[in-house]
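Heads up: the structure comes next, in structure tokens.
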There are 2 protein chains.
Amino acid sequence: MVNIGIDLGGTNIAAGIVDRTGKIVAKASCPTLADRPAQAVAADMSALCLKLMAENGVAMSQIGSVGVGLPGVADCEAGMVPFCTNLGWHDVPLRALLQERINKPVYLENDANVAALAEASAGISRGASDSIFITLGTGVGGGVISGGRLLRGRYGKGAELGHFIYQPGGEPCSCGLNGCWERYASATALIRMAQQAVGKNEAHPIAKLAGGTARISARTVIDAAREGDPTAKDIFAQYCRHVAAGLITLCNIFDPQIVAIGGGVSGAGEFLLAPVREMVQPRVFCSRLGTPRIEKALLGNDAGIIGAAMLHPGA
Amino acid sequence: MVNIGIDLGGTNIAAGIVDRTGKIVAKASCPTLADRPAQAVAADMSALCLKLMAENGVAMSQIGSVGVGLPGVADCEAGMVPFCTNLGWHDVPLRALLQERINKPVYLENDANVAALAEASAGISRGASDSIFITLGTGVGGGVISGGRLLRGRYGKGAELGHFIYQPGGEPCSCGLNGCWERYASATALIRMAQQAVGKNEAHPIAKLAGGTARISARTVIDAAREGDPTAKDIFAQYCRHVAAGLITLCNIFDPQIVAIGGGVSGAGEFLLAPVREMVQPRVFCSRLGTPRIEKALLGNDAGIIGAAMLHPGA
């Protein structure tokens, strides 16, 4: 028995056939073309799966379940997507749409939760009963495995780890609050901090490395800091403090064995992880009883497919 | 079959025989006398249970389990209390000590987690798969039921809900961090805020109501605010904002159906709950999908006994 995992993104749909151990046997992708009706997107999702099965000699009888990770809120019980901004979806009956062509149990989940499940099933957090996954990208997403199970919440919007209030009255957030952690710990925040420091100074080393102030990315700030530029070093140190302070909050709430960090900024590797570890580990509540490992997530883009395939209750 | 629940406090030991529905059949208490060796305290815990059973005609064969809630960290797997400041305990093998006289399965848990379990089993949060319990007292404690299960964490120190960083660089906390939510949302914080506002002005209405500036309590601030004293009203409004902001963080992390609030400050009832509800409910992430009820905890001091009796896996 194998399972299908679908990573439904705003730009691409990626699908994979995944074995019980979390290994991808085969995968394929196609564009989402999100401005189409949801029915058309769901039809392409099904078609992609059927094509994968045909090309890899996998019969319908071998498929246990279909899981979908999506960039929004999923109501797995009802099989609905109540809300997905990136796709412009409201109350889409995704399970029913998929089951029209693939009559298997369908599980839906938020993509960050799916990635957390993937890392806990087949990634860096494998074997840990309690783990947190954080993605530091355009925003900050995350998921939590607590006592061996994915934390879902009552309304399918649990573990919105980027949206706890980190700085009361701070930077306005798209969610309507002020001072969400996302506004300080995302790649977007790192870029904003750099742009504020550099201003319109095109001669600044960060700007030169980026090829212009308008093109500053998280990567250029990190590269400039690695090369020793004092502004970039200061900014990145401050960014690491924001990441660490938020992680202390999450560790005191969840008491995990391991925190897996993914997303664009995690590309910095130990340059990010070492200072964060140093700030977090001695400061978690009652650290002598145990402190979490803090590691780079392993599965990268495959996490979406693997975790979605692991959504079935038997995983 | 009934279960025994023991609420082990710094001052008193309370024990009860609890039926399957969470109803206390009989209860009794004795002083903890915490400066004695742990062996002596554990012996009194056992003796109290045996006395309760004898007095109420409950045979040893009718007892399913013994649960203990304690004001520290519990390692339920090992049956140990690694750390309990109030009792001065380090690495106490409490399960073994109790089993010397009552040879039943023994479950250990932090007292705030126990109270959360009680409210979810037999209190205001009964029937909710996802709930949070918060106690606003000398400190801020709490517990979380997620997907029908108590959140424990890996090292038995999960759900330290008073110790997330609420104000980076803020008030120093006994846990070693700065700006923990506890420093803004506890009764102690409310008193501190009032004392700062009143200073040494013994003629201030809050001071007069308290019988002197040194005797200001959470209760006097609340009473003064109810009576319309502008300073007390301002302070309590600010306190409510701190409570609400922290709850938004917790709701975005856990996505609960209900938040139960206990502890001394919850005595304010709707005077606290109404403004907190008004601030939290419209601000939680994606509130149109569902917002948590925010209610006063029901079980008061009995929560410790009831929740401890519910710690067994069959509950």
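Proteins get letters first, then strands, A, B, ... in listed order; numbering begins at 1 in each.
- Separation of atoms CG (B/Leu108) and CG (B/Leu311) is listed at 8.5 Å; rounding is to 0.5 Å.
- For a residue to count as touching a neighbouring chain, one of its non-hydrogen atoms must lie under 4.5 Å from one of that chain's; by this rule A/Leu150 does not touch chain B.
- Side-chain contact check for A/Ile258 versus A/Pro292: every heavy-atom pair is 4.5 Å or farther apart.
- Here B/Phe254 and A/Phe254 bring their ring centres to under 6.0 angstrom of each other.
- For A/Leu177, the part sitting under 4.5 Å from any heavy atom of chain B is the side chain, from C-beta outward, and nothing else.
- The most heavy-atom pairs under 4.5 Å with chain A, out of B/Pro168, B/Cys175, B/Gly147, come from B/Pro168.
- Taking CG of A/Leu273 as the start and CD1 of A/Ile294 as the end, the distance is 8.0 Å to the nearest 0.5 Å.
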Candidate pair A/Val81 and A/Val68, rule side-chain contact (heavy atoms from CB on, under 4.5 Å), full reasoning: CA-CA 11 Å; A/Val81 179; A/Val68 182; over 6 Å; no
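- Contacts between A/Pro256 and chain B at a heavy-atom distance below 4.5 Å involve the backbone alone (N, CA, C, O).
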Present all donor-acceptor pairs from chain A to chain B with distances below 3.5 Å, rounded to 0.1 Å.
residue: A/Pro82; atom: O; partner: B/Arg288; partner atom: NH2; Å: 2.8
residue: A/His90; atom: ND1; partner: B/Arg288; partner atom: NH2; Å: 3.4
residue: A/Ser146; atom: O; partner: B/Arg149; partner atom: NH2; Å: 3.4
residue: A/Gly147; atom: O; partner: B/Arg149; partner atom: NH2; Å: 2.8
residue: A/Arg149; atom: NH2; partner: B/Ser146; partner atom: O; Å: 3.4
residue: A/Arg149; atom: NH2; partner: B/Gly147; partner atom: O; Å: 2.8
residue: A/Arg154; atom: N; partner: B/Asp255; partner atom: O; Å: 2.8
residue: A/Arg154; atom: N; partner: B/Asp255; partner atom: OD2; Å: 3.3
residue: A/Tyr155; atom: N; partner: B/Asp255; partner atom: OD2; Å: 2.8
residue: A/Gly156; atom: N; partner: B/Asp255; partner atom: OD2; Å: 3.2
residue: A/Lys157; atom: N; partner: B/Asp255; partner atom: OD2; Å: 2.8
residue: A/Lys157; atom: NZ; partner: B/Phe285; partner atom: O; Å: 2.7
residue: A/Lys157; atom: NZ; partner: B/Gly290; partner atom: O; Å: 2.9
residue: A/Gly158; atom: N; partner: B/Asp255; partner atom: OD2; Å: 3.4
residue: A/Ala159; atom: N; partner: B/Ile253; partner atom: O; Å: 2.7
residue: A/Glu160; atom: N; partner: B/Asn252; partner atom: O; Å: 3.0
residue: A/His163; atom: O; partner: B/Asn252; partner atom: ND2; Å: 2.8
residue: A/Ile165; atom: N; partner: B/Thr249; partner atom: OG1; Å: 2.8
residue: A/Thr249; atom: OG1; partner: B/Ile165; partner atom: N; Å: 2.7
residue: A/Asn252; atom: O; partner: B/Glu160; partner atom: N; Å: 3.0
residue: A/Asn252; atom: ND2; partner: B/His163; partner atom: O; Å: 2.8
residue: A/Ile253; atom: O; partner: B/Ala159; partner atom: N; Å: 2.7
residue: A/Asp255; atom: O; partner: B/Arg154; partner atom: N; Å: 2.8
residue: A/Asp255; atom: OD2; partner: B/Arg154; partner atom: N; Å: 3.3
residue: A/Asp255; atom: OD2; partner: B/Tyr155; partner atom: N; Å: 2.8
residue: A/Asp255; atom: OD2; partner: B/Gly156; partner atom: N; Å: 3.1
residue: A/Asp255; atom: OD2; partner: B/Lys157; partner atom: N; Å: 2.8
residue: A/Asp255; atom: OD2; partner: B/Gly158; partner atom: N; Å: 3.4
residue: A/Phe285; atom: O; partner: B/Lys157; partner atom: NZ; Å: 2.7
residue: A/Arg288; atom: NH2; partner: B/Pro82; partner atom: O; Å: 2.8
residue: A/Arg288; atom: NH2; partner: B/His90; partner atom: ND1; Å: 3.4
residue: A/Gly290; atom: O; partner: B/Lys157; partner atom: NZ; Å: 3.0

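- How far CD1 of A/Ile145 is from CG of A/Leu151: 8.5 Å, rounded to the nearest 0.5 Å.
- One distance of note links CZ of B/Phe133 with CG of B/Leu161; it measures 10.0 Å at 0.5 Å rounding.
- Considering all non-hydrogen atoms of both residues, A/Val259 and A/Cys251 come closest at CG2-SG, 3.9 Å.
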